[in-house]
Amino acid sequence: MKTLLLHLFIFTCRTLSAQSKVEVDIASPKPSILIDGVNCVIGNTIYSCTPKTCDALYIMEGDSVEFCTNNQIELNLDSAYWMQWNFTGSSNYTNAVTDSFPTNTPFCYYPKWTEAGNYTVNIFYNGWLSAYPTSDCWSAGPSHWIINVNVATNTGISTTVENDFTCEIYPNPGNGSFQLKISSPEIVKEIFVTDIYGKKIFTQQNKNQIDLSNFSSGIYLLNIITENGNFVKKIMRE
């Protein structure tokens with residue numbers, strides 16, 4: 001009888017200990033990654049198998065994107081088995097990259113896309129969220145980020161105006177309202193904005209500001225026609 005009670009006591013203590021540990025994990029900060037400086041937190045609880053879809057990226061052919069671990073991911077300290085980065089379609093990471101207990105965190109990758117198209121980046125973190133069998137969705141673990149990468153072609157982007165002509169756009173990327181600083185506004189004959197395929201969206205009269213707040217997120221092209229040639233610059237609407 002004493003042996004039975006002892007076994008029951010040990011089982012109860014183990015059960016309570018596991019439950020309290022799970023509760024702490026649910027309340028703790030979730031792992032996150034930085035994509036060009038923008039934080040994307042995994043967002044799910046320990047029992048959730050739903051991937052986190054981060055904001056889509058809109059880039060041009062040849063652009064590089066910075067992907068970094070954030071402070072909540074410390075593969076050299078926590079219970080992680082590995083972290084996998086799948087930069088589908090990138091020219092410099094044609095195969096998945098796997099990290100197991102790196103010596104320094106956070107760490108970064110800089111994939112580059114040289115061909116236009118729509119790609120999907122998948123990042124998996126098999127860390128403390130998958131430390132319990134009930135929380136493991138599959139072999140890659142429940143910490144899964146998905147990022148859609150939209151790569152536009154550079155065809156048609158050419159500048160023929162002299163090099164001393166400049167136009168600064170800020171903030172760029174921005175949420176819709178962009179300020180312009182044109183070096184020689186007196187020689188400007190026309191300003192208009194096109195989409196990435198060269199289709200004119202609207203003609204701009206104001207030489208100091210561009211308003212894209214009524215347009216969807218993506219890449220647009222600012223075209224400035226001057227007395228000495230054409231000037232084209234990329235605008236990224238968040």
Side-chain angles (χ1 to χ4, degrees), residues 18-60 63-152 173 216-219 236 238:
Q19 287 177 343
S20 62
K21 198 170 184 180
V22 169
E23 289 172 0
V24 169
D25 286 339
I26 292 176
S28 299
K30 304 300 183 292
S32 64
I33 56 174
L34 293 171
I35 308 170
D36 270 353
V38 178
N39 193 25
C40 184
V41 183
I42 193 67
N44 60 345
T45 66
I46 194 169
Y47 294 114
S48 174
C49 296
T50 304
K52 176 59 181 287
T53 301
C54 306
D55 292 340
L57 296 175
Y58 298 89
I59 62 176
M60 306 293 289
D63 284 353
S64 180
V65 179
E66 180 186 63
F67 287 84
C68 300
T69 58
N70 208 357
N71 294 331
Q72 294 95 332
I73 297 178
E74 298 182 4
L75 296 185
N76 56 331
L77 298 177
D78 70 10
S79 59
Y81 305 118
W82 49 258
M83 191 166 182
Q84 187 178 87
W85 310 74
N86 301 314
F87 300 116
T88 306
S90 65
S91 59
N92 52 344
Y93 294 104
T94 55
N95 298 316
V97 181
T98 301
D99 299 294
S100 299
F101 296 93
T103 56
N104 296 308
T105 57
F107 55 95
C108 301
Y109 290 101
Y110 301 88
K112 178 183 289 187
W113 282 266
T114 56
E115 293 186 11
N118 298 318
Y119 305 96
T120 301
V121 169
N122 287 278
I123 300 171
F124 302 96
Y125 168 54
N126 198 0
W128 60 268
L129 280 179
S130 58
Y132 306 94
T134 55
S135 72
D136 206 358
C137 304
W138 64 298
S139 60
S143 298
H144 176 192
W145 292 269
I146 298 175
I147 306 99
N148 293 318
V149 181
N150 304 282
V151 185
S216 58
S217 299
I219 296 175
M236 296 187 68
E238 293 180 329

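Just so you know, these numbers use all the heavy atoms, side chains as well, and skip hydrogens, waters and symmetry mates.
Considering CD1 of Ile59 and CG of Asn150, their distance stands at 8.5 Å, rounded to 0.5 Å. Note that SG of Cys68 and CG of Asn39 are 11.0 Å apart. Values are rounded to the nearest 0.5 Å. We find the CZ-OH distance between Phe67 and Tyr110 to be 12.0 Å, quoted to the nearest 0.5 Å. Expressed to the nearest 0.5 Å, how far CD1 of Ile219 lies from CE of Met236 amounts to 5.0 Å. Taking CG from Asn148 and OG1 from Thr120, the interatomic distance works out to 4.5 Å, rounded to the nearest 0.5 Å. How far CH2 of Trp85 is from OG of Ser90: 13.0 Å, rounded to the nearest 0.5 Å.
For CD of Glu238, the number of neighbouring non-hydrogen atoms (other residues, nucleotides, ligands) closer than 6.0 Å is greater than 12. Other residues, nucleotides and ligands contribute at most 12 non-hydrogen atoms within 6.0 Å of the CG atom of Asp55.
Here the side chains of Tyr109 and Phe87 are in contact, with some heavy-atom distance below 4.5 Å. Considering only heavy atoms from C-beta on, Val121 stays 4.5 Å or farther from Trp145 through its side chain. Between Ile123 and Ile147, the closest side-chain pair of non-hydrogen atoms falls below 4.5 Å. Proximity of Leu34 to Glu66: side-chain heavy atoms (C-beta onward) are nowhere separated by under 4.5 Å. Looking at Val65 and Val149, their side chains never come closer than 4.5 Å, going by heavy atoms from C-beta outward.
A donor-acceptor pair under 3.5 Å is absent between the side-chain atoms of Asn70 and the main chain of Ser32, judged by distance alone.
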Exercise. Begin from the C-alpha positions of Glu115 and Val151 and carry the test side chain to side chain contact (heavy atoms under 4.5 Å, CB included) through to its verdict.
Key: CA-CA 7 Å; Glu115 293 186 11; Val151 185; over 6 Å; no
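Scanning both residues, Lys52 and Val41, for their nearest heavy atoms gives NZ-O, 2.7 Å. Across Phe107 and Met83, no two heavy atoms sit closer than the pair CZ-SD, 4.5 Å.
Residues that satisfy the side-chain contact (heavy atoms from CB on, under 4.5 Å) test with Thr53, not counting sequence neighbours, are Ile146.
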